[in-house]
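Notes to accompany the following structure.
Hydrogens, waters and symmetry mates play no part in the numbers below; they use all other heavy atoms, side chains included. Quick note on labels: first sequence line is chain A, next is B, and so on, each numbered from 1.
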Amino acid sequence: MSSTTSPSLIDMPDLALKEIFGHVGWKSLNTLRLVSKDLCNFIDIVKPKIRIDSLRIKLTPKSVQIELNSSLQKSKVEIHDNGNSTFAVSGTKKICQGSTPFLSVTMEILETLLSRQNGLIGKLQLEIDDKYTKGTNREFLEKFLKLLESIGPSLRVREIDLEGSGPQAFQLLARLDSKFLKKISISRAFMKLEEIRDTELMMLEQWKSAEQIRTFGYYFSVPIQEFFHFGIAEFHITEVSGDELAYLKEKYSNSTNFKSSTIHYSHLKDSKDLDQILGEPFENNVEFNEKTWYFKCADPDFALFLFFGRILFRFVRVPISKVPKEVSFN
Amino acid sequence: MSVENAPVVDVDEAAIPVEKKMYYRFESNDKKEFRVSELAIQQSETLNRLVEAMGYTSEDVENKPAIAIENIDGKTLKLVFQWCEHHKGEAIPVDDGSVPKIVEIPEFDAKLMDIDNGLLFKLIWAADYLNIVQLLNVSCKKVANMAQGKTPAQLRRVYLLPSDEEDEAAKRAAQEAQDPRAREVEEEFEERKRQGGNSFF
């Protein structure tokens with residue numbers, strides 16, 4: 001390279017260009033295609049990898065919204081089913097129109113993005129409409145799972161957020177790389193509660209190795225032990241017993257990765273007095289049937305706080321400095 | 001450690017280090033000489049292999065001519081060696097796709113790369129040529145960050161890119177410089193096209 005002339009971006013070696021384009025993000029990559037023919041050709045031929053911070057897919061019976069956050073830049077595309085035709089809109093710009101079915105157009109766009117994903121997706125959010133297993137939802141999920149299968153062994157995602165049914169959560173979780181999945185959020189729209197009775201979901205390696213769980217709209221009729229390993233948890237369990245609470249207390253106070261868990265419950269399984277099992281509470285509000293306890297942790301710098309109320313109980317690991325002076329540990 | 005204090009030495013500017021480590025001498029294409037520690041050289045796969053193959057003794061590095069790096073100028077090479085000295089002993093990242101690649105630009109590197117874009121591109125080119133993986137990573141990340149929120153016209157300016165028209169003109173000029181008849185042939189071709197005939201073929 002000459003010492004007198006300044007090189008430009010296009011003079012960079014291919015390896016460096018790929019590295020640069022791997023960081024610019026989807027939006028800037030597409031802007032770069034408009035800069036010059038040479039750059040456009042390079043990008044189209046090399047198809048550089050992109051970073052996906054988050055990908056949100058929202059499905060309705062007649063449209064799909066795809067929101068992408070790539071290298072901190074947001075892009076959005078909507079694909080609409082217009083009867084016999086399909087059109088896609090990005091911002092105010094119509095980017096394509098034709099007779100290809102709208103779910104096929106959606107899959108093409110998703111394939112382009114996911115096959116070029118670099119590293120791992122920060123958050124994958126999938127919102128399926130409230131008809132769950134019917135119509136477009138069913139077709140979409142079939143195609144989407146097939147797409148995930150075709151682009152690699154398993155998708156690397158740090159956080160999954162699914163608004164859908166239990167079986168759909170199982171199908172989707174199974175396609176993700178358990179080594180990278182840290183947080184699972186599953187919910188259902190419009191308060192149509194769903195009961196999960198079998199432990200099929202909990203048998204997945206993805207479930208076992210995740211660090212956080214948040215569920216909404218589900219109630220679990222499974223052993224509470226299936227949730228012990230989560231450092232942060234929020235879920236609804238059908239029944240809980242005093243002995244299970246004592247077991248949770250033991251587990252959490254000896255855990256180093258536990259932070260907090262909020263557990264909604266429908267029934268307290270036995271009528272044993274919690275005071276007998278857990279000791280005398282620190283606070284006891286008889287009117288609202290609410291009690292609190294503080295317990296020692298294995299780590300002397302922390303204590304375990306328990307709130308028990310009519311519909312939920314909450315364990316929180318708190319720094320010892322935050323424990324009221326009046327507390328005496330038994 | 002500040003950028004200014006990084007232990008890269010232009011021999012005509014500073015004393016020879018007193019440490020008993022081996023310091024290799026390198027010369028840029030504009031005849032600037034640098035002394036670089038053995039450990040710092042390990043950041044560059046290319047230079048590391050080169051010095052290993054040479055098998056220099058501590059006398060050799062003093063008495064033999066400096067190792068010439070013909071494709072890189074002194075200004076760029078100084079930045080390269082400052083970076084290598086600052087990061088000497090650090091593990092060289094391996095990108096085999098098994099773990100997500102996250103590139104953070106440390107403060108020292110950010111200051112080192114606070115330079116004009118032309119020099120930054122030369123630094124990238126040098127990092128690639130000398131196979132300095134982490135320097136290539138951070139410098140490419142820096143260049144990528146410049147693209148955020150820019151229009152095509154702004155990107156053209158930031159990345160020193162010619163427009164297609166300027167590029168065409170430059171290619172034509174280069175072609176003409178090589179073959180002065182090329183322009184005449186092209187004009188002749190255009191003229192025949194204007195006349196509507198294909199007798200040219």
Side-chain angles (χ1 to χ4, degrees), chain A residues 1-43 48-53 70-74 117-122 152-153 155-158 177 179-180 182, chain B residues 28-30 32 70-77 95 97-103 116-129 131 133 136-168 171:
Chain A
M1 178 166 286
S2 160
S3 59
T4 50
T5 56
S6 279
S8 77
L9 182 74
I10 202 71
D11 299 316
M12 294 298 98
D14 284 2
L15 180 68
L17 274 181
K18 282 183 203 168
E19 183 68 26
I20 292 166
F21 293 155
H23 292 296
V24 295
W26 180 252
K27 200 170 185 175
S28 290
L29 196 64
N30 282 299
T31 312
L32 277 163
R33 288 182 71 252
L34 306 174
V35 168
S36 76
K37 281 182 198 163
D38 285 346
L39 266 187
C40 184
N41 289 340
F42 182 87
I43 291 167
K49 296 278 183 188
I50 55 160
R51 194 180 94 191
I52 299 180
D53 302 315
S70 170
S71 294
L72 306 175
Q73 299 169 86
K74 288 180 181 169
Q117 168 227 350
N118 193 14
L120 82 165
I121 297 173
L155 195 64
R156 291 174 172 188
V157 174
R158 187 182 293 115
D177 192 328
K179 285 200 292 288
F180 297 97
K182 302 285 177 219
Chain B
S28 63
N29 64 2
D30 50 358
K32 297 264 169 55
E70 290 177 356
N71 295 334
I72 304 173
D73 63 38
K75 213 172 168 183
T76 312
L77 208 51
D95 183 17
S98 61
V99 286
K101 186 174 177 177
I102 297 166
V103 179
D116 69 69
N117 295 354
L119 186 54
L120 183 59
F121 288 134
K122 284 184 181 180
L123 184 65
I124 290 179
W125 195 91
D128 178 75
Y129 180 71
N131 206 350
V133 177
L136 187 65
N137 285 343
V138 291
S139 52
C140 286
K141 178 80 185 280
K142 158 104 180 174
V143 168
N145 289 347
M146 293 173 178
Q148 294 267 328
K150 301 271 192 314
T151 63
Q154 288 168 329
L155 285 174
R156 203 171 284 134
R157 273 198 299 280
V158 168
Y159 289 148
L160 313 175
L161 293 163
S163 65
D164 284 338
E165 293 72 27
E166 287 166 337
D167 202 30
E168 286 298 318
K171 277 180 190 162

Contact check, side chains of B:L155 and A:L9, non-hydrogen atoms, under 4.5 Å: no

B:K150, part contacting chain A, at a heavy-atom distance under 4.5 Å: backbone

Nearest atoms (heavy-atom pairs only) where B:A147 meets A:S28: O-OG, 3.4 Å

When A:G25, A:P13, A:S71 are compared by non-hydrogen pairs under 4.5 Å with chain B, the top option: A:P13

Distance-minimising heavy-atom pair for A:I10 and B:L161: N-CD2, 3.7 Å

Among the listed options B:L120, B:I124, B:L160, the residue most often paired with chain A at heavy-atom distances under 4.5 Å: B:L160

Heavy-atom closest pair, residues A:A16 and B:C140: O-SG, 3.6 Å

Step-by-step side-chain contact (heavy atoms from CB on, under 4.5 Å) determination, A:L32 to B:Y159: CA-CA 10 Å; A:L32 277 163; B:Y159 289 148; 3.9 Å; yes

B:N137, part contacting chain A, at a heavy-atom distance under 4.5 Å: both

Partners passing side-chain contact (heavy atoms from CB on, under 4.5 Å) against B:K75 (at least two apart in sequence or in another chain): B:D73, B:L119

ring-ring contact (aromatic ring centres under 6.0 Å, His included) contacts in which one or both residues fall within residues 11-30 of chain A, not counting sequence neighbours: A:F21-A:F42

Engaged part of B:T151 at the chain A interface, taking heavy atoms whose separation is under 4.5 Å: backbone

Heavy-atom closest pair, residues B:W125 and A:D11: CD1-O, 4.1 Å

Region of A:L39 that comes under 4.5 Å of a non-hydrogen atom in chain B: side chain

Side-chain touch A:S36/B:R156, heavy atoms, less than 4.5 angstrom: no

Backbone of A:Q73 reached by a side-chain donor or acceptor of B:Q148 within 3.5 Å: no

Distance in Å, A:L72 CG paired with B:N145 CG, rounded so as to fall on 0.5 Å steps: 9.0 Å

Minimum-distance pair of heavy atoms, taken over all atoms of A:P7 and B:G118: CD-O, 3.7 Å

